[in-house]
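In what follows, a structure is listed as structure tokens, so that the remarks can point back to it.
Both ligands and their constituent atoms are indexed starting at 1 by order of listing.
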Amino acid sequence: MDFAGKTVVVIGGTSGINRGIAEAFAASGAKLAVASRSQEKVDDTIAALKAAGAAEVIGAAFDVRDAEAVAAGLQQFHAALGDFDVLVSGAAGNFPALMAEMSVNAFRTVVEIDLMGTVHVLKGAYPYLKRPGGNIINISAPQSYLPYEGQAHVCAAKAGVDQITRTLSMEWGVEGIRVNSVVPGFIEGTEGAKRLAPTPDAGEQLRRDVPLGRWGTPQDVANACLFLASDMASYISGTVLAVDGALYQRGSGQFGQMMGQMLRSMKKG
Ligand code: COA
Ligand code: NAP
């Protein structure tokens, strides 16, 4: 894949899966902009992306819950790098918690980051997306369509993200902008996976639920993003692409209840 001369913006691109995506675009010669809350993580990522081969890299620290800060950051990215060819929106927060046990603010926090954060990012970037030819990739999660106990907040937020993908593929598709979601399965070594499967037993249960029999890697997800952003996918829009080793075909599986059982037994203990 050759993204030389293209501008790629990755929000939440400073660790885990999203950083893997940013690194893949960097290795393909793109100009990159990354953002997350921590300036330290932004600086570290800028250095890594330069080393990976990016033509140019800039970054900014902001919280996706702050619509004005997001808009200002995206304006700064546009002034420096020009129209956005690719926008990856992937900032997210997650923790296992049963609905009866979590506060309203806990639920709201995840919705504010995952769902409203996506709204702020997409609306902030809208004036700067290349027309025709702009590409949006929302990073979703299996919780969008598979219910997992202990994940009501994430299930609600990510389902919203995917419905925004489908809706904007129509609203913005008429302007020549493609909008897709990518759903990573369980991706090894990531913060999200550590939070959902904190013990080796939970990790093994999770692996057994995956028909392909292995955890995914950030590179697996990045490959799908490179494809979706490329001309090879020029007629693909409004799709929710699972990169999950066929996890979805088995449904929530035992893992759907496991987290709930774990949380309930912790409460008893
Ligand atoms: N169980 C139940 N409630 C929890 C919780 C947990 N494990 N962790 C946080 N909360 C609650 C807090 O108690 C608070 O609610 P309260 O005000 O009623 O007490 C609310 O959630 C907000 O927590 P806070 O720590 O103030 O939020 P934050 O904005 O500093 O951090 C998080 C956001 C909680 C999502 C944090 O985990 C985060 O920054 N995550 C980013 C990384 C991540 O989650 N990566 C995986 C992506 S899949
Ligand atoms: P991660 O390493 O914690 O990545 C989250 C990124 O978002 C970080 O760069 C983080 O940086 C940033 N971020 C978090 N809250 C933010 C906020 N309020 N404002 C701005 N930036 C914020 O997690 P990950 O596990 O790789 O997950 C990445 C994405 O993949 C998420 O969208 C997640 O839902 C999705 N996903 C993950 C898995 C998995 O197995 N890990 C599975 C399915 C889907 P800062 O801390 O500096 O803000």
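- For the ligand labelled ligand 2, residue Pro142 lies inside the 4.0 Å heavy-atom shell.
- Taking the six-membered ring for Trp and thresholds of 30 and 60 degrees, Tyr128 and His78 have nearly parallel ring planes, at less than 30 degrees apart.
- The presence of a protein heavy atom under 4.0 Å from atom 25 (O) of ligand 1 is ruled out.
- The residue among His120, Arg195, Arg37, Glu40 with a heavy atom at the shortest distance from atom 15 (N) of ligand 2 is Arg37.
- Proximity of Ser140 to ligand 2, defined as any heavy-atom pair under 4.0 Å, is confined to the backbone N, CA, C and O atoms.
- Considering Ile17, Val121, Asn138 only, the shortest heavy-atom separation from atom 37 (C) of ligand 2 involves Ile17.
- Residue contacts with ligand 1, taken as heavy atom pairs separated by less than 4.0 Å, involve Ala106 via backbone and side-chain atoms alike.
- Protein heavy atoms are absent from the 4.0 Å sphere centred on atom 12 (C) of ligand 1.
- Among protein heavy atoms, atom 42 (C) of ligand 2 sits closest to Gly185 O, 3.0 Å.
- The shortest heavy-atom distance from Arg65 to ligand 1 is under 4.0 Å.
- Here Arg65 has side-chain heavy atoms under 4.0 Å from ligand 2, and that is the only part of it that gets that close.
- Of all the atoms in ligand 2, the ones that sit under 4.0 Å from a non-hydrogen atom of Phe62 are 19 (N), 20 (C).
- Heavy-atom distances between Ala193 and ligand 2 reach below 4.0 Å in at least one pair.
- Taking atom 36 (C) of ligand 1 as the reference point, the nearest protein heavy-atom neighbour is Arg195 NH1, 4.0 Å.
- Within the 4.0 Å heavy-atom criterion, the part of Lys41 lying near ligand 2 is the side chain and not the backbone.
- Inside a 4.0 Å radius of atom 45 (N) of ligand 1 there is at least one protein heavy atom.
- For atom 21 (O) of ligand 1, the nearest protein heavy atom is under 4.0 Å away.
- Close contacts of ligand 1 with Glu191, meaning ligand atoms under 4.0 Å from a residue heavy atom, involve 45 (N).
- The nearest protein heavy atom to atom 30 (O) of ligand 1 is not closer than 4.0 Å.
- The nearest protein atom to atom 4 (O) of ligand 2, hydrogens excluded, is given as Ser15 OG, 3.4 Å; this is a heavy-atom distance.
- Closest heavy-atom approach to atom 5 (C) of ligand 2 among the candidates Ala61, Ala92, Gly16: Ala92.
- Remark: Arg208 fails to qualify as a cation-pi partner of Phe186 under the 6.0 Å distance and 45° angle criteria applied to the six-membered ring.
- At a heavy-atom cutoff of 4.0 Å, ligand 1 is contacted by the side chain of Arg37 but not by its backbone.
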